[in-house]
J.: 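Got a structure for you, written out below as C-alpha cells; questions coming shortly.
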Amino acid sequence: MAKTHVTMKVNGAEVEGLVEPRTLLVHFIRENLALTGTHIGCETTHCGACTIDIDGMSVKSCTMFAVQAQGSDIMTIEGVANADGSLSALQEGFRMMHGLQCGFCTPGMILRAQRLLKENPAPTEAEIRMGISGNFCRCTGYQNIVRAIQYAAAKINGVEFQEAAE
Amino acid sequence: MNDMTPTREQREAKLEGMGCKRKRVEDIRFTQGRGNYVDDLKLPGMLHGDFVRSPHAHARVKSINGDEALKVPGVLAVITAETLKTVNLAWMPTLAGDVQMVLADGKVLFQNQEVAFVVATDRYAADDGINKVVVEYEPLPPLIDPFKAMDKDAPVLREDLAGKMTGAHGPRKHHNHIFEWTVGDKDLTDAAFKKADVTIKEMLSYHRTHPSPLETCQCVCSFDKIKGELSIWGTFQAPHVIRTVVALIAKIPEHKIHVISPDIGGGFGNKVGAYPGYICAAVASIVTGKPVKWVEDRIENLTATSFARDYHMTTEIAATKEGKVTGLRVHVLADHGAFDACADPSKWPAGFFNIVTGSYDFPTAHLSVDGVYTTKAPGGVAYRCSFRVTEAAYCIERGMDILAQKLGMDPAELRLKNFIKAEQFPYHSALGWEYDSGDYHTAMRKMMETVDYAGLRKEQAEKRAAFKRGETREIMGLGVSFFTEIVGAGPSKNCDILGIAMFDSCEIRMHPTGAGIARVGSKSQGQGHETTWAQIIATEIGIPADDIMIEEGNTDTAPYGLGTYGSRSTPVAGAAIAMAARKIKAKAQMIAAYKLEVHEGDLEWDIDGFRVKGLPEKSMSMKDICWAAYNSVPPGMEPGLEAVSYYDPPNMTYPFGAYICVMNIDVDTGVYKVRRFYALDDCGTRINPMIIEGQVHGGLTEAFAIAMGQEIRYDDDGNVVTGSFMDFFMPTAVETPHWETDFTVTPSPHHPIGAKGVGESPNVGGVPAFSNAVNDAFSFLGSTHIQMPHDFWRNWKAAKNLGVFA
C-alpha cells in the first residue's frame, strides 16, 4: 500500500515517518517511534490505555490515523517527567498513593489526569471520577487513582494534600 | 554512643521490612512508560500472526483455502490443522487432562474458535490475509444450555472422544459429559436432611464471565535453528509450567527452551493456561525461521481465551428450627465449554469447590459436580480466586441468607450461631479440609459494630414500612458475606500440575557489599512482588529492602516455581523466600561467630546483625558479614552467601473476612446505589498494608462488576453477544463504589511468617455481598432468590415479577 509522509512534534521533538493511510496513530507511536509507553487494551475506544495528549486534548490514539495527526503537537507518557528527570506531580502522586498495580493503564491514566488538571485545576472527587471515566483500570478500583490525582492537584496548586476521610 | 549512632527505631525503619507501607519499586518505571510488556518487544525480522476464526458455534469444516491469502503482499504462510499435524501439534493437552484443538480439525465447536493462523510481515498484512482465507462450513446444531447437554438427543460435540467412556477424572455418563466428582458422606447427609426441622433448596447460578486483564494474552516466539533453541516471551502467570508443557508437546529439550514473562498487564487467571496462539506462534517461528509475535485483540480475548464460572449450583441446607445447620448438599452442573481447559491442580476437576461448607460447622455434607461440554469457549479459569472458591463462597453465602429468610432469622445472627469457633482450629471440615486458623466471631462482630448493623436493620425496617405505605419507591438491602478462602496450592500430597508438585522457590545471592538479588518462582502481574518480597528478606536478614533486587519470570535464571495464581504467591513463594533468607542468616551467624571469636550460641539477632549476648557493643552487621563471606569465612566453610529454598507447604492457608454491602434500589428503574461497602479481611501476617489495601480495592471492584453485570452471554445460535467492551460490563471510576477496608490478624500457624494471601479474597467475598444486598432488598416482597448479574434491567424485571407495578 502506498505510504504517506507524516511529520509531527512528539514530546517536544520533530519526528517524521512513512505510514500507510490506515496506520493507526498508536501503532505509529509504538512501532515507528519506539515509544512503547502508550498501550493498547482494546480496539473499540473504550479502555483508554492508548490515551495521549494532542494539541491540548486527550485523545485515544487507537482511534485516530497517524495521517490525521499530521502537524500536531503530541505528548506521550515518555514526555511527562520533569525536565530534570524527576517524576512529575502526577507520577509522584500515583506512586505515593498506590494509584497503580500492573501499570498497564497508568500511562493513559496519567496523560488523561494531566489534561484534566489543566481543564480543571481543583476538581472535586466526583469531577475526577467523571474526568477519568474514559480510562479503565482493572487493578486498583480507582480509589487510589482518585487520591493520586488529588495529591498532584494539591502539589501543583501549592496547597497541603488532605486525604479525604474514609 | 555518639549522636550519630542510629536508634533502634531508625535501624528498623531503614530496613522497610514487613508491616511497612513501602512504596513500590515497580512504579518508578511504570509511571514513566518504561515498563517492558510483551507487545513492546520488537526483534529484527519479526513477523506477526493472526487467526482466522469461526463465525459458527458448531460446524463441520469442509475446506480451508489459503491460496488467495498467500497472494496478499506481506503474507508468508497460512497454517492450518493439516500443517500442525506434520509436527503432531494439531491438538494440545489441557491442564485439566483433556485435549484441545489448536486449530480446527474437521469441525469447530465454539464461535471464534481458531481455524487458521496467517503469518505476515506486519499486523496489518496479517489482517488482510485473514480476510482472504476461504473456509467452507457446514453448520451443525449449537448446544448452549448446559442443562440440555446430557439430553438423549443432544448433539455429539466431541467426536474425538467417541467410544471413550472414561475421561481424565473417571467414567463419563454421556457423550457430552466430562466428569463426575463427588465428596462427602452421602448417607449421613441424606439422613440429616430426613431429620431436619427446616430445609432449603435453591438453584444458584454463577454466570459465565471473563477475567479480561487490560493487557490481552500475547507472545513472541523465536526459534534459533542453528542452536535448536526456542525463546518465548509471553504473558504467562506460570512461566516454568509453560516451559515444561512446551518441552512435553513440542519435543524440544527443556534446557533449550527459554521462557520469559516480562511485565504483565494484569492476569486474574486469564494467563495461566496455554492457548492456541502460543503454539501457532512457536510453530510459525520454527517454519519461517523468524521471530513471530501474536497479540490477541480484545474481542478475541473475551470470546476465545478462558472464561470463568458458568457454575449452576443446586444448594440444599438442613437445619434445626433454632437455626443450627445440620447438613449441606450441593450438586453442581459445570459448563466447561468445548474443551475442558480448566486451570486447576490435576487431581481437582472442580478445583477446591469442596470448601463450600464455608465458615460454618456443618456436621455432614455431600457434594457432586458434573462437568459437561457445550459449544462455548473452553475453560474455565479462576478469575481472581483460588480454584472454584468464589463459586463455593457464593453458593454457601447465598444459601445461608436463604436459610435465614426461611427461619425468619437475621442473616448475621444465623452466621454467628453456626461459625466454627476459634477454639475448634485446626478444624476438619465435613468435605475434607483442615482449616489452619481463624477467629470468625471477632471479625464478624467488628464488622457489625463498625457499620452499626443494628441501626442499618432498623433503617431498613422503616424504609420497608414506608414502601408498603406507598411513601417511597426505594428499597434497601444489606448484603452480608462471611467467606473462608482456601489458598496457597499447595501441598505435594494433594496438589500437582501435570505431575509437578505445587511447591515454590527462592534463590538469594548476597553480594560482598551487602546488597543482593533474590530470584523467585512466582510471577507478579501487578501484585508488587518486587516490593513485598524484598520486605520479607529485609526483616529476615536485616538488609534494607532497597538493597535487594527481586527478579521473576525468566526460566533460565529463576528457580522452578509454579507461578502466581490462586493467591499462592505469599503462602508458597513467600514461605520459600523466608526459608531461603533463614539459610542465609544461619550461615551468617557462623561467620559472625568466627569473626567475633565467640560461640554461635553466644550470639543473638538484633534488627540488622548479630551481637554477643550481654555485650551489645560487640556486634557485626549483616552488611559486614556479607563482606566477610567473600574473604574470611571460618576454616572449612565455602565462601559466598547464597541460599536456595524449595518450599512444599504442609497445608493450605485459609484467609477469611466479613463484608457488608448497603444498597438502595429504585424499583421503577432498577437503578441501584451502593451506599456503603465495608470489607474486613484477615489474611494473617500483613507484609505491606498499602498493597493489601490496593489488592482489596481491586478485587472488590471486580466483584462489583461480576455481581452487577459482567457477563459473557450467548444467544440461542451460539453467538457471543457480550464480546467487546461495548457490551461486557467494565466499571469506570464513576460506577465504582467507595471502598472501606479493615482487618484483623490471625496468623497461619504453619506458615514461616504467618501470612495467608489476600489478592483474591475480595473477589470471593465481594460477589455474595453484592448479590445478598440485592436479594435482601427484594426479599420482603416475597422473593427468595434472584439470579446474578443484577444489572438495572434485571432489577427492574425482578420488581415487575414481584408485582410492585400492579
Side-chain angles (χ1 to χ4, degrees), chain A residues 1 20 22-23 27 30-31 34-49 76-81 87-88 90-92 94-96 98-107 110 125-126 128-146 166, chain B residues 21 23-24 26-37 39-40 42 73 122-124 211-216 263-268 295 297-299 524-528 690-691 693-702 704 724-726 730-736 738-741:
Chain A
M1 201 174 282
E20 290 182 25
R22 63 178 177 173
T23 302
H27 286 143
R30 287 178 51 82
E31 291 173 19
L35 295 172
T36 54
T38 304
H39 297 148
I40 302 169
C42 72
E43 54 283 339
T44 51
T45 324
H46 284 89
C47 82
T76 69
I77 189 68
E78 288 86 352
V80 168
L87 296 184
S88 75
L90 268 162
Q91 289 171 318
E92 182 185 304
F94 271 71
R95 179 158 194 256
M96 296 305 288
H98 191 28
L100 66 151
Q101 290 179 30
C102 80
F104 203 74
C105 78
T106 310
I110 287 179
E125 174 171 347
I128 292 173
R129 284 182 179 266
M130 187 54 84
I132 59 168
S133 62
N135 294 66
F136 289 163
C137 171
R138 294 288 288 137
C139 300
T140 67
Y142 303 105
Q143 197 156 312
N144 288 344
I145 291 178
V146 172
E166 277 276 301
Chain B
K21 293 184 179 181
K23 302 298 176 219
R24 297 200 332 162
E26 297 88 339
D27 296 357
I28 302 293
R29 64 176 188 277
F30 289 156
T31 55
Q32 300 186 79
R34 306 287 176 175
N36 175 32
Y37 301 90
D39 197 17
D40 300 345
K42 197 174 177 181
D122 67 73
R123 60 181 91 216
Y124 289 76
S212 200
L214 202 53
E215 177 205 42
T216 59
D263 288 325
I264 297 183
F268 316 121
V295 175
D297 70 27
R298 179 58 56 188
I299 292 169
S524 179
Q525 311 120 40
Q527 293 90 339
M690 176 189 84
I691 284 182
E693 187 183 79
Q695 290 278 307
V696 174
H697 287 178
L700 289 175
T701 304
E702 289 181 350
F704 165 68
S724 82
F725 281 160
M726 187 73 88
M730 194 61 85
T732 73
V734 172
E735 295 87 30
T736 302
H738 180 83
W739 310 116
E740 291 172 60
T741 58

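Note on naming: letters A, B, ... go to the chains in the order of the sequence lines (proteins, then strands), and numbering restarts at 1 for each one. Because the structure is a prediction, the values reported are computed rather than measured.
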J.: Does any backbone or side-chain atom of A:Phe104 lie under 4.5 Å from a heavy atom of chain B? Answer side chain, backbone, both or neither.
T.: both
J.: Non-hydrogen atoms of chain A under 4.5 Å away: do they reach the side chain of B:Lys23, the backbone, both or neither?
T.: both
J.: Quick check on A:Thr45 against chain B: is it the side chain, the backbone, both or neither that has a heavy atom closer than 4.5 Å?
T.: neither
J.: Taking all non-hydrogen atoms of both residues, which atom of B:Arg24 and which atom of A:His98 are closest, and how far apart?
T.: CD-CE1, 3.6 Å
J.: When you measure from the centre of the six-membered ring of B:Phe268, is the NZ or CZ of A:Arg138 closer than 6.0 Å and no more than 45° off the axis?
T.: yes
J.: Heavy-atom cut-off 4.5 Å, strictly under: side chain, backbone, both or neither for B:Gln525 against chain A?
T.: backbone
J.: What's the separation between atom OG1 in A:Thr106 and atom CZ in B:Arg29, rounded to the nearest 0.5 Å?
T.: 11.5 Å
J.: Checking heavy atoms, do the side chain of B:Ile264, its backbone, both or neither come under 4.5 Å from chain A?
T.: backbone
J.: In terms of heavy-atom proximity below 4.5 Å to chain A, should B:Thr732 be classed as side chain, backbone, both, or neither?
T.: both
J.: Identify the heavy atoms of A:Cys102 and B:Gly266 that sit nearest to each other, and give their distance.
T.: CB-N, 3.4 Å
J.: Measure B:Asp40 against the heavy atoms of chain A and call it side chain, backbone, both or neither at under 4.5 Å.
T.: both
J.: Quick one: does A:Glu43's side chain get under 4.5 Å of B:Asp297's, heavy atoms only?
T.: yes
